[in-house]
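See structure below.
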Amino acid sequence: MKRGIATIIGRPNSGKSTLLNALVGQKISIVSDKPQTTRNRILGIISDSRGQIVFADTPGIHKPGYRMNERMQRAVRNALSDIDLVLLVVDGSVAFGAGEAFTLDIVKKSLLKAFLLINKIDKFSKPLLLPIIQRYANEYDFCQIIPISALKSENISLVIDKIFQYLPDGDLIFDPGQYTDRNERFLAGEFIREKILAKTREELPYACAVLITQFDESKREKKKLVHIEADILVERETQQGIILGAGGLRIRDIGTRARRDVEEMLGCRVYLGLRVRTARDWRNNDSILDELEVGT
Ligand code: GDP
Ligand code: MG
């Protein structure tokens, strides 16, 4: 059996989480058009007759500022040790700049086997591919360079086929039925955060966190109902009002959308209670960051 770990790295917004979901065929990593959406390392697992690939999605690579960002970068560093393959995701629709150079440098220094995945090919015309390929191929000896669309699932099965060719033989790492290392409670919090990110702008997405305070499965078997309560943390009082929206409309909308995703994941009905509270400077608070599993 072939098996191994492939770490997905790339600039914020290049499409790493979208790619992970496409590879696994399940929603496990949340997606938004705002950088810094992914705060944790999330594993996605696929198993078939050929063996098992464990994918690690990582927070985008950027320079530390808050304690939270330091811990996010720790997750990136951890994800780069003990791995068999790097998948460098680049957004083919944006020009090569300092951020791309920074990320490419990390791959070069790692000396690991790496694939270059040029993402978002649904968004730009084919002739633009060649200069990108040349640019990267000049700098590193990539095992494979594959244009993909994570969003439209283009070339995803090709990527999987190629990865299997580069993995060592060995025993499976995870149970073949398992598709992520994160539990439902964690994912529920993330799905809520995804809806907040979609509905807010400017500094608010970064100032928000979701803490699951109750995840009651006692009625899951008999009544097909899971009762979930969550606190949405913000950094200032004024931000509470933004999350609530006029007449509480925004939070109701966030709740409805998040509940649908959580119900789909759990395969049963969900009661979702949301509360907004201010936790000043939570991004520098290690005990909150621990609870949110940031940097793990
Ligand atoms: P990450 O920060 O690298 O994890 O990026 P995300 O997966 O969160 O994606 C960032 C944004 O790019 C989201 O708005 C995605 O919908 C979008 N995106 C990701 N992959 C593609 C793609 O293949 N094509 C297009 N058009 N958009 C994509
Ligand atoms: Mg992400």
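One-based numbering along the sequence shown. Everything numeric in this text was worked out from a predicted model, so none of it was measured. Read the numbers this way: they start at 1 and go in the same order the structure lists the ligands and their atoms.
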Check whether any N or O atom of [X], backbone or side chain, sits under 3.5 Å from an N or O atom of ligand 1, and answer yes or no.
X	result
A150	yes
D57	no
L151	yes

Pair [X] + [Y]: basic N to acidic O under 4.0 Å:
X	Y	value
R41	E293	no
E264	R260	no
K109	D105	yes

Can you sort out which atoms of ligand 1 are near [X], meaning under 4.0 Å from one of its heavy atoms?
X	answer
R11	3 (O)
K123	26 (N)
S17	4 (O), 7 (O)

Can you tell me if T213 and D231 form a side-chain donor-acceptor pair at under 3.5 Å?
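No.
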Using side-chain contact (heavy atoms from CB on, under 4.5 Å) as the criterion, list what pairs up with E235, not counting sequence neighbours.
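Residues passing side-chain contact (heavy atoms from CB on, under 4.5 Å) with E235: A207, Q239, W282, R283.
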Residue list, side-chain contact (heavy atoms from CB on, under 4.5 Å) with A22, at least two apart or on another chain:
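Partners of A22 by the side-chain contact (heavy atoms from CB on, under 4.5 Å) criterion, ordered by chain and then number, come out as S153, I156.
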Applying a 4.0 Å heavy-atom criterion (strictly less than), which segment of [X] is in contact with ligand 1: side chain, backbone, both, or neither?
X	value
S93	neither
N119	side chain
K16	both
K152	neither

Which option out of A198, S32, G15 puts a heavy atom nearest to atom 10 (C) of ligand 1?
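That would be S32.
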My understanding is that we take every heavy atom of each candidate and find the minimum distance to atom 7 (O) of ligand 1. Doing that for D33, V89, I9, T18, which one comes out nearest?
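Nearest option to atom 7 (O) of ligand 1, by heavy atoms: T18.
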Assess [X] for proximity to ligand 1: is some non-hydrogen atom of it under 4.0 Å away?
X	value
T37	no
G10	no
E154	no

Minimal non-hydrogen separation, I232 against C208, with atom names
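The pair with the smallest heavy-atom distance is CG2-SG, 4.3 Å.
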Which is it for K2 and D169 under the salt bridge (charged side-chain N to carboxylate O under 4.0 Å, His left out) test, yes or no, and what are the steps along the way?
CA-CA 4 Å; K2 296 281 181 193; D169 291 307; 3.8 Å; yes
Step-by-step salt bridge (charged side-chain N to carboxylate O under 4.0 Å, His left out) determination, D161 to R50:
CA-CA 9 Å; D161 291 347; R50 291 168 288 187; 2.7 Å; yes
Less than 4.5 Å apart, side chain to side chain, heavy atoms only: is that true for T38 and K16?
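No, too far: nothing below the 4.5 Å cut-off.
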Within 2.8 Å of the Mg ion (ligand 2), is there any N, O or S atom belonging to S17?
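Short answer: yes, at least one N, O or S atom is under the cut-off.
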Flag T38 as yes if one of its N/O/S atoms falls below 2.8 Å of the Mg ion (ligand 2), otherwise no.
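Yes, T38 qualifies, because one of its backbone or side-chain N, O or S atoms lies under 2.8 Å.
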Within 45 degrees of the ring normal and closer than 6.0 Å to the centroid, is that where the cationic atom of K27 sits relative to F191?
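K27 over F191 ring: yes.
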